[in-house]
Novice: 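Following this message is one structure expressed as structure tokens.
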Amino acid sequence: MRFEALAESDKRQIMAISEDKKRSELFAQNVFNDRKMQQFLTEEAYGKVQSAIFSGSKIDRKIANQVAEGMKAWALSLGATHYTHWFQPLTGATAEKHDAFFDLKSDGSALEKFGGNQLVQQEPDASSFPSGGIRNTFEARGYTAWDPTSPAFIYKTTLCIPTVFVAYTGEALDNKAPLLRALHAVDEAATSVAQYFDKNVKKVYATLGWEQEYFLVDKALAQSRPDILMTGRTLVGNHAAKGQQLDDHYFGVIPSRALSFMSDLEKQCMVLGIPVKTRHNEVAPNQFELAPVFEEANLSVDHNLLLMDVMENIANRHGFKVLFHEKPFAGINGSGKHNNWSLATDTGVNLLSPGSTPMKNLQFLTFFVNTIKAVDNYEELLRSSIASASNDHRLGANEAPPSIISIFIGKQLAGVLDELEGVSQGKLSPQEKTELKLNVVGKIPEILLDNTDRNRTSPFAFTGNKFEMRGVGAKMNCAKPMTVLNTIVAKQLTDFKKEVDALIDKKNLKKDEAVFNVLREYIKTSKRIRFDGDGYSFDWQEEARKRKLSNNKNTPEALQILTSKQSLELFQATGVMNEVELKAHQEVELENYVFHLQIEGRILNELVYNHVMPAALRYQNLLLENVAGLKEVYGAAHKNITQPQLNILEQIGEHLTDAKKLTDAMMDAKKRTDNMGSIAKKAKTYCDTVKPYFDKVREHVDALERLISDDLWPLTKYRELLFVK
Ligand code: ADP
Ligand code: MG
């Protein structure tokens with residue numbers, strides 16, 4: 001179609017797009033990144049920040065003052081008026097408290113002030129953040145401290161400084177501090193192993209690329225539903241006549257209103273340095289996915305948290321509400337956030353990507369097998385890192401990976417591991433070595449090139465040059481699974497190094513022989529974690545039980561492992577968390593679980609009493625009036641024509657009775673549970689005695705929705721929520 005022939009509105013849209021700057025020109029405009037630092041910092045300050053980023057060295061007050069000065073100049077040049085320490089309390093979201101740059105001098109004149117003190121450390125009045133008892137509320141002593149590895153950025157008119165949030169006694173009160181420690185642990189462990197293969201490696205970064213799924217719902221309609229507003233999901237509601245069965249949404253044409261939201265969102269992401277790259281429709285109606293180019297894990301976690309916030313803001317402007325809940329609607333797919341993970345060296349090598357030489361491939365195999373071994377050792381702990389009340393709806397619900405952790409590596413790589421298993425113990429003959437290197441290890445790159453088999457049901461899958469953790473919930477802070485994954489891999493690589501060194505020193509083996517020997521043992525002992533079949537099947541549950549893999553179906557069960565002896569030892573040995581922190585984190589997770597269910601219980605009660613019942617009674621009255629009228633007109637002959645109404649009246653009566661009875665029983669169970677002392681017991685009892693009522697109540701409410709006249713039904717229906725463009 002020629003431009004002249006287009007409608008005015010289309011023309012305007014095309015012009016608006018072409019007038020825009022290229023995305024690459026917008027990129028990181030509002031980020032105090034390396035380039036800005038070079039521009040705004042003294043050489044000395046720049047050097048010190050670089051070394052703090054690379055090796056974690058301390059930044060003294062003098063330098064902090066210089067950095068603050070440069071940061072302030074940059075921020076003011078972009079019109080920022082406030083600054084905030086931006087942190088990740090255990091609630092799962094981010095927190096901030098803005099202070100103005102504006103200040104008064106003693107002579108009453110005004111200025112913009114921001115020094116090293118304000119940059120490096122703040123004490124938010126943070127007594128209401130969950131701390132799992134680490135910090136007694138009356139003390140309220142916790143502080144935020146600058147994390148120079150994640151660059152400061154300007155969001156709206158505020159300079160945001162990524163920080164950790166810790167108690168004065170040093171314990172982490174947030175999700176970032178343990179993540180940073182885990183990343184440090186995996187760096188140390190992986191670097192020394194990578195040096196077997198390349199002495200030039202000085203640092204290893206964990207990399208993360210998340211894939212964020214979400215729903216878009218019309219804002220006004222979402223607000224008309226108390227359940228969506230308060231819990232992020234629908235607690236009642238019938239499936240629409242059409243769901244996702246036609247597969248017409250997946251990768252379909254993105255609806256124009258959604259596209260316009262995405263376009264604005266992407267521009268904002270560019271400015272903030274979030275490298276978003278792909279967007280597409282997901283399986284369910286009104287469900288979408290967004291994925292960035294992967295980044296260093298800490299930065300990637302920050303970017304995901306920031307993204308969720310930005311999405312809410314932009315959606316608001318477009319008249320949408322974004323739902324991040326893992327299961328907003330029954331009967332159609334929920335939302336997850338696959339975490340693609342790998343390890344990369346400062347020399348630019350992806351350690352989970354096979355290379356061009358047998359040695360590079362041995363390096364690949366080393367990291368590959370060690371990851372498998374780590375997951376095998378700590379599968380239950382990894383499962384616990386993705387446990388939450390909302391993700392419980394998803395894990396094991398035949399649309400997302402099961403709550404059993406297993407690893408999919410594909411037939412070809414399984415073949416390679418089988419061959420390695422046959423390696424003879426101790427020294428290898430020159431022939432064996434050649435055979436291994438050329439025909440087994442050497443073939444890996446070709447194998448992977450045409451490795452097209454994929455298993456969507458696997459919770460932890462190798463996808464060519466990275467592992468993909470698929471059970472992470474859409475709403476979650478990725479810091480949690482990333483902390484556990486990197487910690488267990490760190491521990492595993494440390495053990496591996498010890499074993500290999502021992503073989504080299506004591507058994508006089510060559511390095512590659514020693515590596516082959518240890519890997520062979522790992523391949524043998526970690527077999528149970530490998531599973532290529534259908535993770536959704538009942539047979540797998542049976543098989544997994546035989547393999548003694550954990551299958552914790554709900555959060556209270558899953559969280560128990562956090563404070564087991566094995567976990568305590570792991571976190572202590574790697575320096576990621578101490579006992580106090582682990583207990584506190586566990587307690588906060590359990591509390592979150594209870595709060596979640598408490599709120600859902602209350603809302604469900606409200607829906608039944610204040611929305612559903614009144615509507616049902618009104619419809620009953622209408623029917624009664626009708627029946628009485630017909631009786632008056634037709635006398636004894638009314639029976640035939642009033643039969644349908646009487647039948648509906650009866651059905652309404654039955655469902656109302658049951659809905660009320662079950663709601664009352666739920667509230668009774670809730671009250672009993674609320675009075676319990678121990679949080680672990682409370683969480684378990686909520687799960688066992690309160691939560692089961694939710695679905696039972698829903699069944700009757702949904703039946704009432706099917707019976708009651710559409711014009712009297714007070715709750716916006718699935719059809720309206722999910723198909724409005
Ligand atoms: P697919 O869509 O087949 O799962 P992609 O290559 O599109 O695979 O990657 C999906 C996600 O994986 C993206 O967010 C991408 O950035 C991320 N990713 C790719 N390589 C790596 C890596 N080495 N480390 C971490 N994440 C990665
Ligand atoms: Mg993927």
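In what follows, every heavy atom counts, from backbone to side chain, and hydrogens, waters and symmetry copies are set aside. We number each residue from 1, following the sequence as shown.
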Novice: Any side-chain heavy atom of Asn350 sitting closer than 4.5 Å to one from Phe294?
Specialist: no
Novice: Do we see a donor-acceptor contact under 3.5 Å between the side chains of Thr158 and Thr84?
Specialist: no
Novice: Quick one: does Ile332's side chain get under 4.5 Å of His239's, heavy atoms only?
Specialist: no
Novice: Looking at Arg618 and Asp711, is there a salt bridge between them, counting it only when a charged N and a carboxylate O are closer than 4.0 Å?
Specialist: no
Novice: Salt bridge or not for Asp710 and Arg719, using N-O below 4.0 Å?
Specialist: yes
Novice: Between Phe329 and Tyr718, how do the two ring planes meet: parallel, tilted or perpendicular, split at 30° and 60°?
Specialist: perpendicular
Novice: Please report whether the ring centroid of Phe153 lies less than 6.0 Å from that of Trp86.
Specialist: yes
Novice: Might you point out which heavy atoms bring Ile405 and Pro459 nearest each other, and give the distance in Å?
Specialist: CA-CG, 4.0 Å
Novice: Answer yes or no for Lys691 and Phe694: cation-pi contact, defined as NZ/CZ to six-membered ring centre under 6.0 Å and angle to ring axis within 45°.
Specialist: no
Novice: Drop me the distance from Leu290's CG to His280's NE2, to the nearest 0.5 angstrom.
Specialist: 9.5 Å
Novice: When you check the gap from the basic side-chain N to the acidic O, do Arg225 and Asp227 get nearer than 4.0 Å?
Specialist: yes
Novice: Once you measure the plane-to-plane angle for His325 and His393, does it fall in the parallel (<30°), tilted (30-60°) or perpendicular (>60°) bin?
Specialist: tilted
Novice: So Leu623 and Ile652, do their side chains get closer than 4.5 Å, heavy atoms only?
Specialist: yes
Novice: Could you go through the side chain to side chain donor-acceptor pair (under 3.5 Å) check for Asn316 and Lys219 one step at a time?
Specialist: CA-CA 7 Å; Asn316 200 29; Lys219 184 169 126 194; 2.7 Å; yes
Novice: Are the side chains of Pro292 and His303 in touch, meaning some heavy atoms are under 4.5 Å apart?
Specialist: no
Novice: Treating Asp392 as the side-chain partner and Thr555 as the backbone partner, does any N or O pair qualify as donor plus acceptor under 3.5 Å?
Specialist: yes
Novice: Looking at every non-hydrogen atom in both residues, tell me the closest pair between Glu213 and Ser335 and how far apart they are.
Specialist: OE1-CA, 3.3 Å
Novice: Closest heavy-atom contact between Lys466 and Asn340?
Specialist: CE-OD1, 2.9 Å
Novice: Write down the atom of Ala330, the atom of Thr234, and the distance for their closest heavy-atom approach.
Specialist: N-OG1, 4.3 Å
Novice: Quick one: are Thr163 and Asp147 in side-chain contact, heavy atoms under 4.5 Å?
Specialist: no
Novice: Could you check whether the rings of Phe261 and Phe320 sit parallel, tilted or perpendicular, using 30° and 60° as the cut-offs?
Specialist: perpendicular
Novice: Heavy atoms only: give me the nearest Phe215-Pro328 pair and the separation to one decimal.
Specialist: CD1-CG, 3.5 Å
Novice: How about Arg23 and Lys267: do any of their side-chain heavy atoms sit closer than 4.5 Å?
Specialist: yes
Novice: Give, for atom CE of Met308 and atom NZ of Lys475, the distance between the pair rounded to the nearest 0.5 Å.
Specialist: 10.0 Å
Novice: Provide the closest heavy-atom pair for Thr207 versus Ala344 in the form atom of the first, atom of the second, distance.
Specialist: CG2-CB, 4.0 Å
Novice: Could you check Trp341, Phe467, Phe408 and say which one makes a ring pair (Phe, Tyr, Trp, His ring centres under 6.0 Å) with Phe460?
Specialist: Phe467
Novice: Evaluate the side-chain proximity of Leu208 to Cys478: yes if any heavy-atom separation is below 4.5 Å, no if none is.
Specialist: yes
Novice: Do Asn605 and Arg602 pass the side chain to side chain donor-acceptor pair (under 3.5 Å) test, and can you show the C-alpha distance, the side-chain angles, and the key distance before you say yes or no?
Specialist: CA-CA 5 Å; Asn605 182 60; Arg602 284 191 205 122; over 6 Å; no
Novice: Just how far is it from atom CG of Leu26 to atom SG of Cys269, taken to the nearest 0.5 Å?
Specialist: 11.5 Å
Novice: Check the pair Ser150 / Asn298 against side chain to side chain donor-acceptor pair (under 3.5 Å), numbers first and verdict last.
Specialist: CA-CA 7 Å; Ser150 181; Asn298 174 44; 4.9 Å; no
Novice: Within the 3.5 Å criterion, strictly below it, is a donor on Asn477 or Gln88 matched to an acceptor on the partner's side chain?
Specialist: yes
Novice: Would you say Asn465's side chain and Ser353's backbone share a donor-acceptor pair under 3.5 angstrom?
Specialist: no
Novice: Tell me, do Tyr686 and His596 make a side-chain contact under 4.5 Å, heavy atoms counted?
Specialist: no
